Number of protein chains: 2
Amino acid sequence: MPAATHPPLLDSFIAHLAESDQRVTATRLQVAKAIARRGGHFTAEEICAALPSVGRATVYRNIKLLAEMGFLCRVLLEDGSLHYQVSHRGHHHHLVCTACGLAQDLLGCDIQDLLRTRAGDSGFAVSGHWLEVYGLCRDCQSKAP
Amino acid sequence: MPAATHPPLLDSFIAHLAESDQRVTATRLQVAKAIARRGGHFTAEEICAALPSVGRATVYRNIKLLAEMGFLCRVLLEDGSLHYQVSHRGHHHHLVCTACGLAQDLLGCDIQDLLRTRAGDSGFAVSGHWLEVYGLCRDCQSKAP
DNA sequence: AGGCATAATGATACGAGGTCTCGATAGTAG
DNA sequence: CTACTATCGAGACCTCGTATCATTATGCCT
Ligand SMILES: [Mn+2]
Ligand SMILES: [Mn+2]
Ligand SMILES: [Zn+2]
Ligand SMILES: [Zn+2]
């Protein structure tokens with residue numbers, strides 16, 4: 001049995017469900033466990049494949065729930081495909097390695113001020129932004145020529 | 001007949017086709033004209049609807065071609081839907097108004113240096129990034145309370 | 001522990017958005 | 001004009017995600 005890569009996820013999920021009057025079902029725990037078991041990012045379809053006994057709609061519903069609760073963040077790959085990842089809560093961005101796929105959190109987003117200034121020049125009032133950064137992680141740099 | 005909103009597009013497109021040994025077909029020009037006629041951004045399906053006599057696959061093929069040539073840029077809306085827009089060539093971002101949909105180009109992207117510094121701290125080598133900025137354009141600010 | 005109200009599930013159909021296939025058509029070089 | 005072949009159009013197909021709805025099972029109340 002593979003060790004949980006994100007051990008706190010299960011407990012936090014259960015706690016949040018209880019707080020918000022949502023039911024702790026066996027299926028929900030199955031989905032959360034399948035996610036906690038993973039390192040790195042994953043697609044909804046991958047979870048569906050890993051849990052053939054769980055309905056596809058249910059997998060999508062629960063991933064959405066986990067994301068709304070802040071336990072999962074969206075990772076947009078360069079090819080446009082949407083992945084999810086257990087992650088820091090709150091606003092942040094990702095450094096996505098185009099070689100191995102690793103997506104590490106880039107905390108302390110300090111571009112909001114820069115954006116407000118640059119956009120303000122055109123009279124635009126910034127309320128939010130979406131940013132993904134692509135490149136090579138440390139490991140992949142040393143492996144590549 | 002509506003005036004072309006982007007008059008240079010047609011000629012530039014034809015020139016690029018000739019340069020790269022691709023054929024100047026009637027269908028290609030129809031698609032390019034339908035696009036040049038628009039202000040703002042649009043979806044592939046909107047072009048399909050505007051050109052019912054042109055095959056859907058062909059519309060998608062030619063939009064992709066125009067985008068690869070640099071005449072169109074992708075605009076990712078907050079809801080995740082992909083639009084296209086006649087645009088400045090080369091790397092740039094957008095200020096997308098969440099009220100009226102206006103997407104104006106944000107030129108002179110000066111976040112690359114900032115990103116290199118912040119990412120470099122984690123040993124990550126930045127090669128590119130994707131950024132969309134959301135908020136209210138000048139007009140929509142004055143209309144709103 | 002047993003019963004109830006209803007949240008959650010899963011099978012399935014549906015829809016948007018986009019690609020693939022392949023025979024037919026039409027640019028273009030010569 | 002002809003031949004070559006890039007491009008086209010129709011439709012099948014695919015992925016990702018949501019809507020519907022009969023069935024199940026959770027949490028609470030007694
Ligand atoms: Mn994250
Ligand atoms: Mn643009
Ligand atoms: Zn890597
Ligand atoms: Zn606006």
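Every heavy atom of this structure was used, including side-chain atoms; hydrogens, water molecules and symmetry mates were not. Predicted model only: the values in this text are computed from it and were never measured.
- With A:His83 contributing its side chain and A:Ser81 its backbone, the two residues share no donor-acceptor pair below 3.5 Å.
- Judged by distance alone, with hydrogens and angles left aside, the side-chain atoms of B:Arg89 form no donor-acceptor pair with the main-chain N or O of B:Phe71 at under 3.5 Å.
- For the pair A:Thr58 and C:dG10, the criterion of a side-chain N or O lying under 4.0 Å from OP1 or OP2 is met.
- One atom, CD of A:Glu45, and another, P of D:dT18, lie 11 Å apart when rounded to the nearest Å.
- For D:dC8, one of the phosphate oxygens OP1 or OP2 lies less than 4.0 angstrom from a side-chain nitrogen or oxygen of B:Thr25.
- No donor-acceptor pair closer than 3.5 Å links the side chain of B:Ser87 to the backbone N or O of B:Cys73.
- Here the nucleotide nearest the side chain of A:Tyr60, chosen from D:dT7, D:dC16, D:dG27, is D:dC16.
- Side-chain to base pairing of A:Arg23 with C:dA8: no donor and acceptor N or O lie closer than 3.5 Å to each other.
- Judged by distance alone, with hydrogens and angles left aside, A:Arg56 brings a side-chain donor or acceptor within reach of the base of D:dG17, the pair sitting under 3.5 Å.
- In this structure, A:Glu46 contributes its side chain and A:Thr43 its backbone to a donor-acceptor pair below 3.5 Å.
- In this structure, the side chain of A:Glu132 engages the main chain of A:Leu76 through a donor-acceptor pair within 3.5 Å.
- Overall bending of the helix from C:dA1-D:dT30 to C:dG30-D:dC1, expressed as the angle between end axes built from five pairs apiece, is 30° (10° steps).
- Heavy atoms of B:Asn62 sit under 4.0 angstrom from primed sugar atoms or phosphate atoms, though from no base atom.
- Interface remark: the A:Arg61 side chain does form a donor-acceptor pair with the C:dG10 base, using a distance-only criterion of under 3.5 Å.
- Within 4.0 Å of B:Ser81, counting heavy atoms only, lies no atom of the nucleic acid at all.
- The phosphate of C:dT19 (OP1 or OP2) has a side-chain N or O of B:Lys64 nearer than 4.0 angstrom.
- Taking 4.0 angstrom as the limit, B:Thr27 places a side-chain polar atom (N or O) nearer than this to OP1 or OP2 of D:dG9.
- Using a 4.5 Å heavy-atom cutoff, the side chains of B:Lys33 and B:Phe13 are not in contact.
- Each of B:Leu82 and A:Gln30 was matched to the nucleotide of DNA chain C holding its nearest heavy atom; the match closer to the 5' end belongs to A:Gln30.
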